[in-house]
Structures are given as structure tokens and as C-alpha cells.
There are 2 protein chains.
Amino acid sequence: MQKYVKQLLDYPLFFGVKEKDMIPMLNCLGGKVRKFKKGEYIFFEQDDVRQIGIIISGSVDMVKEDIWGNKTMLVRMKKEELFGETFSCGVEQSSVVSFYASSNTEVLFLPFDRVMHSCSMTCVFHHRLIENMVAIIARKNKQLMEKVEVISKKSLREKIMSYLSQQAQKQGTKYIEIPLGRVEMADFLCTDRSALTRELNTMRDEGIIDFDKNMFQIL
Amino acid sequence: MQKYVKQLLDYPLFFGVKEKDMIPMLNCLGGKVRKFKKGEYIFFEQDDVRQIGIIISGSVDMVKEDIWGNKTMLVRMKKEELFGETFSCGVEQSSVVSFYASSNTEVLFLPFDRVMHSCSMTCVFHHRLIENMVAIIARKNKQLMEKVEVISKKSLREKIMSYLSQQAQKQGTKYIEIPLGRVEMADFLCTDRSALTRELNTMRDEGIIDFDKNMFQIL
DNA sequence: CACTACGCGTTGCAACTGCAACGGACGAAT
DNA sequence: ATTCGTCCGTTGCAGTTGCAACGCGTAGTG
């Protein structure tokens with residue numbers, strides 16, 4: 001466990017926690033590290049999702065399966081990210097969501113209720129942990145809302161504008177750098193890559209936007 | 001304030017709180033009720049969203065505005081629901097989101113940090129409150145993920161199937177009751193009402209689904 | 001150098017679907 | 001009963017876009 005402490009300190013969940021407190025805290029929480037090989041399932045069956053997972057290395061895909069068995073990858077998460085929190089406090093019927101190691105992965109598991117129910121306030125940083133977790137969930141929430149806002153547009157052009165507008169707001173510049181390749185961008189917008197390229201070109205021709213590679217500008 | 005206590009007890013945020021504790025707790029938190037007329041803005045400018053709002057009566061729309069001033073209604077919230085939580089813990093640049101009273105509305109405001117930072121543990125239920133809030137945010141999260149899952153489908157047919165499949169899973173029956181009218185359903189699927197009707201009929205003709213009014217069945 | 005894999009732009013085509021317009025059914029109010 | 005408003009199904013049409021296929025350039029690998 002010792003060897004993970006240094007990097008854990010930088011993780012959002014542990015913001016504000018002091019190095020010397022990490023080991024006691026992890027012990028107090030009953031944290032355990034497990035390794036998964038690429039392709040293995042961290043299959044959180046709906047009733048025993050009582051752990052939250054923090055990715056230490058590798059990557060985890062959140063996969064949703066419908067009643068015919070069609071799988072859709074919803075999110076890919078990397079180092080530092082948290083998963084399972086949303087389902088750990090699920091009162092209601094949870095969707096059948098699986099987590100899947102999309103590369104060799106190390107995960108630190110913490111029992112959700114130990115994180116939430118402070119151990120009679122003995123460790124000072126417990127509350128800090130809860131606050132951090134709330135912040136993390138809230139941030140995910142915001143990201144999801146942003147995504148919904150974009151992909152709820154009916155036409156591709158609107159999606160693109162919505163997305164660019166959003167990025168512009170975030171980055172505060174007129175010159176927007178998109179952190180995605182064309183394929184990923186199309187994927188994010190839930191559209192076809194070729195259709196995206198086509199529409200981008202049309203929009204440039206019409207003088208609505210300008211771009212070069214991943215640098216965009218709204219005119 | 002007294003007069004609100006009874007109904008507040010049933011709200012998700014106050015689950016598990018005893019009646020006699022409500023008044024002291026609300027005082028401790030510094031809760032305030034404000035009224036808004038239909039059409040008024042509860043305009044949470046991004047830097048002073050330090051309150052969470054609990055809707056006591058009426059309805060509140062969450063509205064997103066892009067850089068050209070086009071407004072989109074993201075969610076309509078009703079009695080019992082919470083808003084503002086997502087932005088109260090925002091570390092990063094928040095999107096410009098406004099809240100808007102879509103009918104005459106009463107809102108109970110609670111300062112976010114008072115809710116989070118327990119008042120030196122004096123009131124027993126404080127922790128309960130925090131737990132409840134985490135649960136509420138997590139639930140919203142799940143709802144959003146479900147929505148994303150549905151509307152990220154490329155074809156209308158896929159959206160419909162995804163939605164029905166989801167509802168079937170939730171309701172546990174083969175006979176699915178959709179709590180939405182056609183207009184609202186189309187709205188939820190981010191598509192056109194007529195297109196929705198058309199596709200539903202096609203799917204019925206092809207023997208994929210069957211339905212009558214709002215009762216659906218997957219074959 | 002040759003070979004391969006990958007990301008990206010381009011294009012033709014057919015199907016999908018957004019849009020607008022119309023009409024019927026139903027309920028509320030006058 | 002009449003009128004109005006709302007919800008919903010239907011249909012024609014044109015523009016959009018998903019799909020498949022091809023070609024180019026670059027990077028990595030033998």
C-alpha cells in the first residue's frame with residue numbers, strides 16, 4: 001500500500017489530505033488494491049456495488065448492456081478517476097452496468113459506507129473525503145449535463161455549434177482547441193465521422209466557422 | 001417556517017429526520033423561504049451559487065444559454081426536487097446556467113457550505129442530511145446517464161428500443177407503461193413527434209413491438 | 001526500404017427524419 | 001350546441017446524414 005501513497009495524494013478524492021495521514025486513513029477505510037488484466041470484468045452486479053473504485057493505473061470502461069445483450073461503452077475512465085459511486089448509494093433499481101478493464105489496471109477499492117459513515121469522527125480527514133466525493137460526483141453531473149445539452153440538438157450543425165460554443169465558454173478564447181481527434185469528436189457528438197467532416201467543411205464554406213486541424217474559431 | 005415542516009419531512013433531502021428536529025435544524029442551517037412569480041428568474045449567476053434550493057411548490061426550469069443567446073430548457077423540476085447542488089461545489093469554470101420559475105414557486109434556500117460543513121457535529125441529523133444529498137446527486141447522475149445512453153443512439157429506431165428496453169428493465173414487466181405523452185416522449189428522445197409516431201407504426205408493422213396508447217410491449 | 005496500421009478527407013447513394021400542414025378526437029369553457 | 005385549445009396521427013417533401021468504399025499521408029515496425 002505504501003508505494004501508492006505518493007500518487008494518491010494528488011487524486012481528487014484525497015485533495016487536502018496530508019501524506020502522513022494517508023496510511024492510517026486507508027487502513028481505517030479498509031482500502032484494498034486489486035489488479036485486473038486487460039479484458040477482465042470488474043463486474044459490479046447491481047446488488048453488491050458497495051465499493052467505490054479508484055483507478056491507480058490502466059483504464060476502465062463503463063459498459064451498459066440492454067435486454068438483447070447489445071453492449072455500449074458509456075465512458076472510459078483513466079487514472080485518478082472514480083467509479084461505482086453513483087451506484088453505491090442507489091436506493092432504487094439500478095441499471096445493469098458493468099465495469100470492464102480495457103487495459104491492465106490497478107484499482108483501489110474502498111467500501112462505500114465506510115467512506116460515508118464517519119468512523120465516529122476519529123480521523124480528521126474523513127469529512128474532507130466526503131466533501132471531495134460530493135465534488136467529484138457533482139462534476140460528473142455537470143459533464144453529463146453538458147453532454148446532454150450538446151447531443152440533444154437535432155441537427156448535426158446544431159450539435160457542432162453547441163459543442164464549440166461550450167468549449168469556447170470553457171476556454172475563454174475565440175480560438176478553441178479541441179482535445180479530440182475527428183473520430184473521437186464524431187463519437188462524442190454521436191454522429192458519423194464522414195458526416196462530421198462534411199458538415200464542418202460546409203460550415204467553413206458558409207463562413208460560420210474557421211478551423212485548422214484541431215484549432216477552431218467561431219466567426 | 002413552521003407551516004412547511006410537515007411536507008418537508010417527506011422530501012428526499014430530509015429522509016430520516018424527525019419532526020421535532022426540523023425547526024432547530026432549519027435554524028441551524030439558516031434556511032430561508034422565498035417566493036417567485038411565474039417567469040421570474042432565480043438567476044444563479046455562476047459565482048454566487050452558494051445555495052441549494054428545495055422546491056416547495058411550483059416548478060423550476062433549468063435553462064442553458066449559449067453564446068448567441070439561444071436558450072434551451074434542460075430540465076423541469078417540481079416539488080421536492082433540489083437544484084443548485086451541482087454548481088455549489090463547482091471548483092472549475094461553471095457553465096452559465098439559469099434557474100427560472102416556470103410557475104409561481106416557493107423555494108427553500110439552504111447555504112451549501114452550512115449543509116456540508118457540519119456545525120461541529122451538534123445536530124445529530126447533519127450527517128444524515130449529507131448522506132441524503134449524496135444520494136440525490138447520485139440519482140440525478142444515474143438519470144443523466146440513462147438519458148445519454150438513449151439519445152446517443154444514431155437512429156430513431158435505436159433510440160426507441162433503447163428507451164423501451166430501459167423502461168422494461170426498470171418496471172420489470174413485459175408490459176411497459178410510458179409516463180409520457182407523445183409530445184413529451186418525442187422531446188425526451190430529442191426527435192420530432194411525427195417522426196416518432198411514424199417509426200412506432202413501422203416497428204409495429206414489422207412485428208418488433210406492440211403498443212396501445214402509452215402501453216408498450218417488446219416482442 | 002517495404003509493409004502495415006491508423007487517422008483523416010472525399011464522395012455517391014439511399015434511407016432517414018425534420019418540417020410543415022392538415023384533420024380527427026376529446027375535453028373545457030362559454 | 002358551439003367554439004376553442006390541445007394532443008395526436010398522417011402524409012408529402014426535401015434536406016440531412018449514416019454508411020460504405022476509396023485514397024492519401026504519417027508513424028511505427030520488420
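These numbers come from a predicted model, not from an experiment. Quick note: numbers below take in every heavy atom, side chains included, and nothing from hydrogens, waters or symmetry partners. In what follows, every chain begins at residue 1, and chains take the letters A, B, ... in the order their sequences are listed.
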(message) At 10 degrees resolution, what angle do the end axes of the helix from C:dC1-D:dG30 to C:dT30-D:dA1 form when each is taken over five base pairs?
(response) 30°

Pairs under 3.5 Å (N/O, protein and nucleotides 20-27 of chain C):
unit_1: C:dA20; atom_1: N6; unit_2: B:Ser194; atom_2: OG; d: 3.4

(request) Answer yes when B:Lys159 and B:Glu199 have at least one side-chain N-carboxylate O distance shorter than 4.0 Å, and no when they do not. (result) no

(message) Assess whether a salt bridge exists between A:Arg157 and A:Glu206, defined as any Lys/Arg side-chain N lying under 4.0 Å from an Asp/Glu carboxylate O.
(response)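 Here A:Arg157 pairs with A:Glu206 in a salt bridge, since their nearest N and O are under 4.0 Å apart.
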
(request) Give a yes/no answer on whether the side chain of A:Asn201 brings an N or O atom under 4.0 Å of OP1 or OP2 in C:dT10. (result)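 Yes, within the criterion.
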
(request) Report the residues that fulfil ring pair (Phe, Tyr, Trp, His ring centres under 6.0 Å) with B:Phe14, sequence neighbours left out, ordered by chain and then residue number. (result)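 Applying ring pair (Phe, Tyr, Trp, His ring centres under 6.0 Å) to B:Phe14 gives none.
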
(message) Tell me every residue that passes ring pair (Phe, Tyr, Trp, His ring centres under 6.0 Å) with A:Phe36, counting only those two or more places apart in sequence or in another chain.
(response) none

Please report, rounded to the nearest Å, how far the [atom2] atom of [N] is from the [atom1] atom of [X].
X	N	atom1	atom2	value
A:Leu200	D:dT16	CG	C1'	15 Å
B:Leu196	D:dC7	CG	C1'	13 Å
B:Lys159	C:dG18	NZ	C1'	11 Å
B:Met185	D:dC8	CE	C1'	13 Å
B:Asp212	D:dC8	CG	P	13 Å
B:Ile151	C:dG18	CD1	P	13 Å

Donor-acceptor list for residues 212-219 of chain A side chains, cut-off 3.5 Å, not counting sequence neighbours:
none

(message) Going by the rule side chain to side chain contact (heavy atoms under 4.5 Å, CB included), which residues pair with B:Leu180 if we only count those two or more places apart in sequence or in a different chain?
(response)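 Partners of B:Leu180 by the side chain to side chain contact (heavy atoms under 4.5 Å, CB included) criterion, ordered by chain and then number, come out as B:Tyr163, B:Ile178, B:Glu184, B:Met185, B:Phe188.
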
(request) Enter the distance from B:Ile136:CD1 to B:Phe83:CZ here, rounded to the nearest 0.5 Å. (result)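 Going from the CD1 atom of B:Ile136 to the CZ atom of B:Phe83 covers 13.0 Å.
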
(message) Taking the nucleotide of DNA chain C with the nearest heavy atom to each, does A:Lys154 or A:Glu184 sit closer to the 5' end?
(response)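 Looking at the nearest nucleotide for each, A:Glu184 comes out on the 5' side.
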
